[in-house]
Asker: 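Questions regarding the structure given below will be posed in turn.
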Amino acid sequence: MRIGLVTEGGYPYVGGDVGFWCERLVRGLGQHEFDLYALSRSRRQEDAGWVPLPPQVSRVRTAPLWAAEDDGITYGRRARRRFAECYGELASVLVTASGGGPDSPGDHGEAVGQDRADDEADRFGSALYGLAELARDEGGLVGALRSETAVRALERACRAPGASRAAREARVPDLLAAAGHLRQALSPLAVDWYEDDGLGAADLCHAAAGGAAALSGLLARHFTGVPLLVTEYGARLRAHHLATGADGTAPAVRALLAAFHGGVAAEAYRQAALVTHGNAHTRRWQERCGAERAKLRTVHPGMDAAGFAGAGESPEAADPDTLVWAGRVEPAKDLVSLLHAFAQVHRQEPKARLRIVSTATGSDGTAYLGHCRALAAQLFPDEAEGPHTVGDNPVSFEEVGGPEAPTLAEVYASGAVIVLSSVVEGFPIGLVEAMFCGCATVSTDVGAVVEVIGGTGLVVPPRNPRALADACMALLRDPERRARLGAAARARALELFTVEQNIAAFHGMYLEIVSHCPVRRVVLGETGEPLPFAVPAEAHVPGSWTGPPARVAARRATDSPAPCPTPMTTTEASG
């Protein structure tokens, strides 16, 4: 099987967002062939290069999301009219969706609202694919997106009856900013990936994220009929809302961009054969954006258990009086509440110790760490004279790799209870690592914690030092319960959260999708007539059974336009 894997700011770039699971997926499915299509987010990311690629990666094609340079294409009168119609329709949908529109009166308001949503989804998709077809026919789109026509189309839509309140309040600077953001967001429409020598040659397109990656998958499906699988380990739409809300974006611009990204997400969920998520929180976002439950699959992030499972073989090595926190030091981890909770624990159990072990420090983590050190000195003034090392002070601040904390597995194995005190958390990777080690855990109820723990640890409300202290005390005073919970946590983690289960889940979905949505290729001869038996079954087996022409010249019976170059810069390399 040939998989077209599309990423945004991730694999195969060094330090990409979804690099680890994509790399493990590709390496774990050695029986398949992968083509990587990577959208980069910055020059810095491109300069950092790629991770080493396994032999089953046939090629890598890249395109920048951050540098949509003018393509130099000048549209004729007919093309300008097409662009104005498609872009104007897109803008009209965005200004309506950005406020939701007035509620419909009558007893059938809910049904009417659903009909309106379906109509807007159809209009959004029609406008989006119309722009993509224009880019394909004319050889470019960036120049048109930069034109005054685009800004005027946005302005007309914002001033038209039925526009949302936020859109009506847009001023010229807001319109220019929105047009610039849309130009970047629409840049995947102009890349040259959607022909038979690109994603059209794949048996399945796997978008490894929402957003731009899913948009590329939608275009591959539209132009060449390749089935689409969308994977989200975090709701990209939610991340967009948080980002634009924090960077001071004007309300009118924020509303228009939210409507656009929401439209892309809804269209991707509607057209995808299957949609996967890593936890219930992301699934709820997908359902709210219109994903059908029948299409949704839960695939937990796969983690390498080898480095941690060994630590769980000898739980007697743990210090029965020690609490351990390990992770990235930043305010979202709420170490302040943890320190206050430990102060209550230490008053009841003077022998208790707390190890705070840093795996990394966030951008504002250095100052936060200093604040936590100062707080520990205030909470334990009689014991804060010496350095913060294990054994001298009830609270120690360490780093992984130091003499007392050489590896994370040894850190987890050294404590009686592992504590997670976060106020914000996605998928709690550190918690799963502790579970691999067979540790008893106390965690705050944030993100996917309850879903991950599944009853094998204690969970308390966030920002509640008293509840955190009581739960820690309950486990410190009950070694048998700690052992039972640790063993159950280890068994659950090894069953659900390993690399092997992740790979097996995606492999099964690949086979399911291809069996239900096979790509039927038609090879045309010199006369333009289909060649019978030009793509036999053995063409799917790696090797040179049929020679390169059958793969390159393949066309769908329902789609046979001539390929057309696009000016947007892409790079390609063989694996």
Side-chain angles (χ1 to χ4, degrees), residues 65 68-101 116-117 119-191 211-212 215 218-219 222 240 244 249-267 566-568:
L65 280 176
E69 299 179 358
D70 196 337
D71 46 32
I73 301 296
T74 301
Y75 283 180
R77 181 181 302 175
R78 182 174 299 177
R80 290 199 303 271
R81 186 181 300 115
R82 282 180 63 188
F83 174 77
E85 291 174 355
C86 293
Y87 195 88
E89 179 73 354
L90 181 68
S92 177
V93 175
L94 297 185
V95 300
T96 304
S98 61
R116 176 185 298 161
D119 178 64
E120 288 185 353
D122 291 337
R123 291 173 59 202
F124 180 89
S126 176
L128 195 68
Y129 300 134
L131 288 172
E133 290 164 1
L134 177 62
R136 188 187 199 186
D137 294 342
E138 299 296 327
L141 188 65
V142 176
L145 292 173
R146 288 180 180 272
S147 67
E148 186 179 351
T149 302
V151 180
R152 289 191 177 278
L154 270 179
E155 183 179 23
R156 282 194 299 272
C158 290
R159 306 292 182 258
S164 68
R165 179 178 179 181
R168 291 197 303 270
E169 293 176 350
R171 298 296 178 258
V172 172
D174 300 331
L175 295 172
L176 293 172
H181 284 293
L182 287 175
R183 180 174 65 247
Q184 182 175 355
L186 291 168
S187 60
L189 274 61
V191 299
L215 178 56
L218 279 173
L219 297 178
H222 174 73
H240 166 77
T244 56
T249 303
V253 180
R254 189 162 62 244
L256 290 171
L257 296 181
F260 174 79
H261 290 290
V264 171
E267 182 69 9
T566 71
M568 185 167 184

Asker: Rounded at 0.5 Å granularity, tell me how far CG in Leu189 sits from CD in Glu133.
Answerer: 10.0 Å
Asker: Between Glu169 and Arg165, is there a salt bridge with N-O shorter than 4.0 Å?
Answerer: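 Result for this pair is yes, salt bridge flagged.
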Asker: Starting at CZ of Arg136, measure out to CG of Leu141 and round the result to the nearest 0.5 Å.
Answerer: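 Reported to 0.5 Å precision, the distance equals 14.0 Å.
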Asker: Work out which heavy atom in Gly211 is nearest to a heavy atom in Val264; give both atom names and the distance.
Answerer: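 Scanning both residues, the minimum pair turns out to be O-CG1, 3.9 Å.
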Asker: Can any side-chain N or O of Asp122 pair as donor or acceptor with the backbone N or O of Asp119 at less than 3.5 Å?
Answerer: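 Absent.
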Asker: Compare every heavy atom of Ala157 with every heavy atom of Val95, then report the nearest pair and how far apart it is.
Answerer: CG2-O, 3.5 Å
Asker: Where is the tightest heavy-atom contact between Thr96 and Gly162, given as atom of each residue plus distance?
Answerer: OG1-O, 4.1 Å
Asker: Using the side chain to side chain contact (heavy atoms under 4.5 Å, CB included) rule, take Leu182 and Leu257 through it: C-alpha gap first, then chi angles, then the decisive distance, then the call.
Answerer: CA-CA 7 Å; Leu182 287 175; Leu257 296 181; 4.3 Å; yes
Asker: Shortest non-hydrogen contact from Phe124 to Phe260?
Answerer: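 Looking at all heavy atoms of both residues, the closest pair is CZ-O, 3.7 Å.
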Asker: Between Glu138 and Ile73, is there a donor-acceptor pair closer than 3.5 Å when you use the side chain of the first and the backbone of the second?
Answerer: no
Asker: Provide the closest heavy-atom pair for Arg183 versus Leu145 in the form atom of the first, atom of the second, distance.
Answerer: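 For Arg183 versus Leu145, the nearest heavy atoms are CG-CB, 3.8 Å.
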Asker: Kindly compute the distance separating CG (Leu131) from CZ (Phe83), expressed to the nearest 0.5 Å.
Answerer: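 Here the rounded value is 6.5 Å.
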Asker: Once the angle between the rings of His222 and Tyr129 is folded into 0 to 90°, is it parallel (under 30°), tilted (30 to 60°) or perpendicular (over 60°)?
Answerer: parallel
Asker: To the closest 0.5 Å, what do you measure between CD (Glu89) and CG (Leu128)?
Answerer: 12.0 Å
Asker: Quick check for you: to the nearest 0.5 Å, what is the distance between Leu175 atom CG and Arg156 atom CZ?
Answerer: 11.5 Å
Asker: Arg82 versus Asp137: any side-chain heavy-atom pair under 4.5 Å?
Answerer: yes
Asker: Closest approach of His261 and Ala185, non-hydrogen atoms and distance?
Answerer: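 Shortest heavy-atom contact: CE1-CB, 4.5 Å.
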Asker: Between atom CZ of Arg81 and atom SG of Cys86, what is the distance when rounded to the nearest 0.5 Å?
Answerer: 12.5 Å
Asker: May I ask you to check whether Ser147 and Arg152 show a side-chain donor-acceptor distance below 3.5 Å?
Answerer: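 There is no such pair between these side chains.
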Asker: Determine yes or no for a side-chain-to-main-chain donor-acceptor pair under 3.5 angstrom, with Thr149 supplying the side chain and Ala84 the backbone.
Answerer: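 Flag not set: sc Thr149 to bb Ala84 has no pair under 3.5 Å.
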